[in-house]
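Worth knowing before you read on, the calculation uses all heavy atoms, side chains too, and leaves out hydrogens, waters and symmetry mates.
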Amino acid sequence: MLKLYVIRHAETEWNAQQRMQGWKDSSLTATGRKHAALLQECLRTVPFTALYCSPSDRTKETAQIVLGQRDVPTYFDERLREIHLGHWEGKTIAEIAQTDERNHHHFYYEPHAYNPTVGETFLDVQRRAVAAIHHIAHTHSEGHVLVVTHGVVIRTLLVYWKQQTLAQLWENSRVYGTSVTIVSFDGEKWMLECESNISHLEGEMIRG
């Protein structure tokens with residue numbers, strides 16, 4: 001049995017400012033690093049056999065904190081990168097709502113209709129994310145694999161694992177920074193065991 005521990009990166013400076021990141025990047029906040037350290041403690045006994053990580057700096061740093069001193073084979077996969085947001089990257093959500101009202105509405109309220117002139121659709125992200133996890137499943141028939149990626153990527157995977165439509169993208173649990181989603185694969189089907197768990201952050205102030 002293969003078990004994936006799918007984690008969203010810790011809080012960044014742009015997360016705290018409600019800025020869209022996409023393929024751009026910003027540094028982890030002190031709070032983000034603290035939350036990643038709390039997750040490290042929570043997962044310290046899980047015998048990870050591999051790490052698959054988005055090549056963004058924020059995912060790399062999160063993964064490094066979570067693994068600590070453990071020596072785990074590491075693979076960086078472009079298919080686990082966050083959604084490409086084109087001209088939105090670096091702008092606040094409030095700025096986007098004012099300057100690109102139609103696409104902003106589709107993004108948050110009709111995700112299946114979101115179709116930017118520059119960047120990716122949610123279907124684009126889901127296709128590459130699903131390809132990435134199938135690659136992992138083909139490469140690792142058993143064991144515990146850590147996957148460190150991004151919020152939209154995880155949301156598209158949740159929709160896939162639950163056999164939902166992309167119109168339901170925002171209906172599942174909120175994917176907070178350092179949240180853990182656990183899914184197992186028996187060679188035939190995926191089984192969602194734990195969705196966006198943040199029990200390691202009990203008592204912490206949490207921002208999206």
Hydrophobic cluster identity match, [X] and [Y], side-chain contacts under 4.5 Å:
X    : Y    : result
W14  : W88  : no
Y109 : V159 : yes
I96  : F107 : yes
V153 : V148 : no

Query raised in the report: Is the Y52-H140 ring centre distance short of 6.0 angstrom?
Result: yes
Query raised in the report: So, Y114 versus W170, ring centres under 6.0 angstrom or not?
Result: no
Requested in this report: Test W23 against E120 for side chain to side chain contact (heavy atoms under 4.5 Å, CB included), laying out the working first.
Outcome: CA-CA 11 Å; W23 286 10; E120 292 180 294; 4.0 Å; yes
Query raised in the report: Under 3.5 Å, is there a donor-acceptor pair between the side chain of Q126 and the main chain of T156?
Result: yes
Contact summary for [X] and [Y], nearest pair of heavy atoms:
X    : Y    : answer
Q164 : Q168 : CB-OE1, 3.2 Å
C194 : V180 : SG-O, 3.6 Å
S196 : L158 : OG-CD1, 4.2 Å
D57  : D25  : N-OD2, 2.6 Å
A50  : Y75  : CB-CE1, 4.1 Å
L85  : M20  : CD1-CB, 3.8 Å

Just so I know, are the side chains of [X] and [Y] near enough to count as touching, which here means a heavy-atom distance under 4.5 Å?
X    : Y    : value
K162 : E171 : no
H35  : Y176 : no
Q17  : T92  : no

Query raised in the report: Any ion pair linking R58 and E82 (charged N to carboxylate O, less than 4.0 Å)?
Result: no
Query raised in the report: Between Q21 and T12, does any side-chain donor sit less than 3.5 Å from a side-chain acceptor?
Result: yes
Query raised in the report: Going by atom types alone, do E89 and H84 pair a side-chain donor with an acceptor below 3.5 Å?
Result: yes
Report task. Using salt bridge (Lys or Arg N to Asp or Glu O under 4.0 Å) as the criterion, list what pairs up with R33, not counting sequence neighbours. Result -> E61
Query raised in the report: Is the number of heavy atoms from other residues, nucleotides or ligands under 6.0 Å of E95 CD greater than 12?
Result: yes
Query raised in the report: Pairs in or reaching into residues 129-155: which pass salt bridge (charged side-chain N to carboxylate O under 4.0 Å, His left out), with residues at least two apart or in two chains?
Result: none
